Each structure stands twice: as structure tokens, then as C-alpha cells.
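For clarity, every value in this text was computed on a predicted model and none was experimentally measured.
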Amino acid sequence: MEGSTLCGKEEKVLGVQKAPGSCPYCGGGVAATDVEAKWVLCFLPLCLKNKRRFACTACARRLVSYPAILHD
């Protein structure tokens with residue numbers, strides 16, 4: 001029996017692909033990683049989320065994308 005599946009958060013990488021743009025820190029390429037995150041409490045799944053994370057392929061920094069702010 002695995003202790004990490006009893007209670008807590010499980011993450012599984014679904015896929016990695018090249019993303020448009022470049023790293024603002026070093027100018028390297030950007031990779032987009034699709035991650036499935038699942039919160040588990042005593043083997044019962046509570047929440048399931050799919051996330052897309054961005055990281056630089058050269059310096060390995062995690063890049064955060066902010067939503068666009070729309071002004072009226």
C-alpha cells in the first residue's frame with residue numbers, strides 16, 4: 001500500500017509540447033506541460049483538475065501566465 005495515495009494530492013503528467021514565445025529571463029524556448037491534479041482523502045477522489053504549466057527549456061524556470069485584463 002502506498003502512503004501518498006491515502007490522503008493528499010496526486011499529480012500525473014499527461015503530455016508535454018512546445019509552446020509559442022520565449023523565456024523572459026534567458027530567451028530560451030517554452031514547453032507547455034499538461035498535468036492532471038487529483039485531491040484524495042482516504043482513497044476517495046475529492047477534486048480533479050487539469051492544468052497547463054509553462055517552463056523554460058533552457059533555464060528550467062517555471063513561467064506563469066496571467067489572464068488578460070479587459071478595460072471597459
Acceptor/donor pairs from residues 24-49 side chains to any protein atom, 3.5 angstrom cut, sequence neighbours excluded:
unit_1 : atom_1 : unit_2 : atom_2 : d
Asp34  : OD1    : Arg52  : NE     : 2.8
Asp34  : OD1    : Arg52  : NH2    : 3.1
Asp34  : OD2    : Arg52  : NH2    : 3.3

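A salt bridge between Lys12 and Glu10 is absent, with no side-chain N of the basic residue lying under 4.0 Å from a carboxylate O of the acidic one.
Scored by the salt bridge (Lys or Arg N to Asp or Glu O under 4.0 Å) test, Arg61 finds no partners at all (sequence neighbours excluded).
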